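Here's the structure, in structure tokens; my notes come after.
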Amino acid sequence: MNEIKIFTPATVANVSCGFDVMGFCLDNVGDEMVIRKIDKKGVFITKIEGFDLPFEAELNVAGVSALAMYKSLNIDFGFEIEIYKNIKPGSGIGSSAASAVGSVFGMNELLGRPFTKTQLTEFAIKGEALASKCEHADNLAPALFGGFTLVKSVAPLQILELPTPKDLYATIIHPQIEIKTSESRAILPKQVPLGDAITQWANLGSLVHALHTSNYNLIKDALNDVVVEPHRSQLIPLFNEVKAACISAGALGAGISGSGPSIFTLSKGEKQAEKVKKVMQDIYAKSDIDFDIHVSKINTQGVKILG
Ligand code: HSE
């Protein structure tokens, strides 16, 4: 096999109470990429459609993760990468992670899978760091492994795969404003009051337990963020209104997707997720902010081969 076409998914990081450690994978939102073996040594980005991103491999998230892998190999050929980008950079649904994961996943397949998914995450983290100025894997892990993941530690990298309750659906609204991850990290306080830390780790532990036991009521109770959301929500127009309306319309919870501006909700059942979509839509339609909305089941496979 000399060429592979892949779907590399969007993801929701943090999931309210799991800042920098929890994430889940979306099913129908993502980028496509083509990775090709070539005779010339090196990594070359030959096509980018969708958004204006750099072609120089060292300046491109997909290129940086590909180079991290390439440098660990001793091979006499190279790779070309084509990127068909659907996930807007700065949207909060793992745009950079999708790119970083796609290149290393595709190369690994063409090489006969010498690397584990955790090793691929190690390479991809280099690309992610180019975009967010810090090494975190909470979007990368669900994009590679699928479902819900928890990053136990970054050094050494330890990723736990968590179960996905089968009726869980996400609704995501993406207001068309850009929030740079690096900026929305910069506004966060460096210290957390002990009381807030206790609430947060009780919620995160409860969320993990709820996923294991498909306990939707406990998911609802656990989806609360007292550490990050109070700061970042100020950057997202209509956040509080959308959150309150979605929860009163039956969503299990709502929060900031990654570093925003996207807002995610989780619902039990597709019908409920569609109802929440309508609620979000009605609120944003009254503003002058453009938006798009997705309803997605949780993608338990992660990045996929298309051909
Ligand atoms: N956990 C990261 C953050 C995700 O919230 O800054 C960014 O994509």
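Just so it is clear, the model here is predicted, and its values are computed rather than measured. Atoms within each ligand, like the ligands themselves, are counted from 1 in listed order.
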- Query: Val101 pairs by side chain to side chain contact (heavy atoms under 4.5 Å, CB included) with which of Thr8, Val61, Leu120?
  - Reply: Thr8
- Heavy-atom pair with the smallest gap, counting every atom of Ala251 and Thr265: CB-CB, 4.2 Å
- Message: With a 3.5 Å distance limit and no angle check, can you tell me whether Asn299 reaches the backbone of Asp27 through a side-chain donor-acceptor pair?
- Response: no
- Backbone, side chain, both or neither: what part of Asn14 comes under 4.0 angstrom of ligand 1, heavy atoms only? side chain
- ligand 1 atoms in contact with Phe19 (distance to a heavy atom under 4.0 Å): 3 (C), 5 (O), 6 (O)
- Message: Under 4.0 Å from a heavy atom of Asp20: which atoms of ligand 1 are those, numbered in the order shown and with their elements?
- Response: 1 (N), 2 (C), 3 (C)
- Task: Check whether NZ of the Lys or CZ of the Arg Lys40 lies under 6.0 Å from the centre of the six-membered ring of Phe44 and within 45 degrees of that ring's axis.
- Result: yes
- Task: First locate atom CD1 of Ile219, then atom CG of Leu266, and finally report the distance between them rounded to the nearest 0.5 Å.
- Result: 7.0 Å
- Run the salt-bridge test on Asp292 and Lys88 with the 4.0 Å N-O cut-off and return the result as yes or no. no
- Show which atoms of ligand 1 fall inside a sub-4.0 Å distance from at least one heavy-atom site of Gly258. 5 (O)
- Can Arg232 be said to touch ligand 1, with heavy atoms closer than 4.0 Å? yes
- Would you mind checking which non-hydrogen protein atom is closest to atom 6 (O) of ligand 1, with the distance to 0.1 Å? Arg185 NH1, 2.6 Å
- Query: Thr181 heavy atoms, cut-off 4.0 Å: which ligand 1 atoms fall inside?
  - Reply: 6 (O), 7 (C)
- Message: Please list the nearest protein heavy atom to atom 8 (O) of ligand 1 with its residue and the distance rounded to 0.1 Å.
- Response: Asn139 OD1, 3.0 Å
- Should the pair Lys85 and Phe51 be classed as cation-pi, given the thresholds of under 6.0 Å to the six-membered ring centre and 45° from the axis? no
- For atom 7 (C) of ligand 1, the protein heavy atom that lies nearest, with its residue and separation: His136 CE1, 3.5 Å
